[in-house]
Student: 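One structure, pasted below without further comment.
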Amino acid sequence: MTTRTARSATSRSATSRAASSRRRGRYGAPAVLLAPFLLLFTACTLVPVGYAIHLSLYTEQRGGLGFGGTETLFTGWGNYARALKDDAFLEGFANIALYCLMYIPVMIALALALALLLDSALARAKRFFQLALFIPHAVPGIIAALIWMYLYTPGISPVLDLLETAGTSPDLLGNPLPAVVNMALWQWTGYNVVIFYAALQAIPREVLEAAVVDGAGPVRTAISIKMPLIRASLAMVGLFTVIGSLQLFTEPMILHGTAPGVTSAWTPNMYAYTAAFERSDYGLAAASSVLLAAAAALLSFAVTRLTRPRPESRKSRKERAA
């Protein structure tokens, strides 16, 4: 009886060891593969965000006439209140909102139209046009902004000189918003064309052939068949474009000083940059950056919810099954 009990205990122990070994094998490989990403994500994202939040809770105060050094004081939500009460910071969000209203619909519509043209059966030299459309994105943003500033500046722009010869003299920098939108369109449209074109190429050819057999023309096929099938790519591009628009910095920063309407706080990013590197107010800069990150997170959540496909109701599933 004792021998049988010992054998059963040994069997249970071996079974538990085998089960734990299987569990380690099941979770060990994913953990090893995810470890580099988690380390980089922690070092490059979580730690800077945590430091920014910590920095936003403090402010530096100079003593006396400025000869007594600086003292770090805990202000809690004081820097956040200063940023939210500053008209320049709020006007930066208003400029970003107008920028998004002009830029996002035009960019997505233009990129989608070009991708549909490349995917059509009548398109020729597709590889060449893909490369030609993607080349502007390969140019570094600051170099592209400098080129466009050269083209916008009166007196040195060959385009404006040609227009003046024709009898017109437009002031392209009088209202900087269309100029900034044009610069962003030039850089990012081709990038999104590649994303949409890759999604269109993944559509099963049988579906498109069935649409042609049913009598659908190229326009009807593009609108009724292709566009609904790449909805996930449209949502992804919309999400990334919203996040990128909130981080607008390079183009208006290059135009600052040339375009009279672009102030040092024209966007929230420029406001944070000015507070940190021109006024040395790191607490205010950190607070404005955290507020910008919170706005980006809320907008990302809203875009994700709006573009998520609605779950099919139980009634419609029963009707379809019937």
Student: For atom CZ of R220, decide whether the heavy atoms of other residues, nucleotides or ligands shown that lie under 6.0 angstrom number more than 12.
Tutor: no
Student: Which label fits F277 and Y273: parallel for a plane angle under 30°, tilted from 30 to 60°, or perpendicular past 60°?
Tutor: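 The arrangement is tilted - the two ring planes meet at 30° to 60°.
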Student: Let me confirm one number: the CE-CG distance from M270 to L248, rounded to the nearest 0.5 Å.
Tutor: 8.5 Å
Student: Please give me the minimum heavy-atom distance between L292 and P268, naming the atom from each residue.
Tutor: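 Smallest interatomic distance, heavy atoms only, reads CD1-CB, 4.0 Å.
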Student: Restricting to ring pair (Phe, Tyr, Trp, His ring centres under 6.0 Å), what partner residues turn up for F93, sequence neighbours left out?
Tutor: F89
Student: How close do L38 and T42 get, heavy atom to heavy atom, and via which atoms?
Tutor: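 That would be O-OG1, 2.7 Å.
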Student: Main chain of A199, side chain of S233: is a donor-acceptor contact present, judged purely on distance under 3.5 Å?
Tutor: no
Student: Applying side-chain contact (heavy atoms from CB on, under 4.5 Å), run through V207 and L229 and close with a yes or a no.
Tutor: CA-CA 10 Å; V207 176; L229 291 177; 4.2 Å; yes
Student: What are the two closest non-hydrogen atoms of I230 and I203, and how far apart are they?
Tutor: CG2-CD1, 4.1 Å
Student: Give a yes or no on whether L55 and L73 share a hydrophobic cluster (residues Ile, Leu, Val, Met, Phe, Trp, Tyr; joining criterion: side-chain heavy atoms under 4.5 Å apart).
Tutor: no
Student: Could you see if L101 belongs to whatever hydrophobic cluster contains L112? Use Ile, Leu, Val, Met, Phe, Trp, Tyr and a side-chain cutoff under 4.5 Å.
Tutor: no
Student: Using only atom types and a distance under 3.5 Å, with no angle test, would you say the side chain of T267 pairs donor to acceptor with the backbone of G92?
Tutor: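 The answer is no, because no donor-acceptor pair under 3.5 Å joins these two groups.
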Student: Is there a donor-acceptor pair under 3.5 Å between the side chain of T274 and the backbone N or O of S264?
Tutor: yes
Student: Within the supplied structure, the quantity of interest is the number of heavy atoms (other residues, nucleotides, ligands) at a distance under 6.0 Å from F134 CZ; does it exceed 12?
Tutor: yes
Student: Return yes if some donor-acceptor pair links the side-chain N/O of D161 with the main-chain N/O of I156 below 3.5 Å, else return no.
Tutor: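 Here the side-chain-to-backbone pair does not exist.
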Student: For atom CD1 of I142, is the number of surrounding heavy atoms from other residues, nucleotides or ligands below 6.0 Å larger than 12?
Tutor: no
Student: With sequence neighbours excluded, give me every side-chain hydrogen bond (donor to acceptor under 3.5 Å, both in side chains) pair touching residues 83-108.
Tutor: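 Sorted pair list: D86-Y271.
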Student: Minimum heavy-atom separation for A272 to S288, with atom names?
Tutor: CB-OG, 3.4 Å
Student: Which heavy atom of H256 sits nearest a heavy atom of V262, and at what distance?
Tutor: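 Nearest pair, atom of H256 first, then V262: ND1-O, 2.9 Å.
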Student: With the side chain counted from C-beta on, respond yes when T189 and L133 share a heavy-atom pair under 4.5 Å apart, and no when they do not.
Tutor: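 Answer no - side chains too far apart.
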Student: Quick one: closest heavy-atom pair of S56 and N79, and the distance?
Tutor: O-ND2, 2.7 Å
Student: Only pairs at least two apart or in different chains count here, so list each side-chain hydrogen bond (donor to acceptor under 3.5 Å, both in side chains) that has a residue in residues 136-159.
Tutor: Y152-N182
Student: Quick check: are there more than 12 heavy atoms from other residues, nucleotides or ligands sitting under 6.0 Å from CZ of F128?
Tutor: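 No, the 6.0 Å shell around CZ holds no more than 12 heavy atoms from other groups.
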Student: If you count every heavy atom of other residues, nucleotides or ligands that lies below 6.0 Å from R305 atom CZ, does the total exceed 12?
Tutor: no
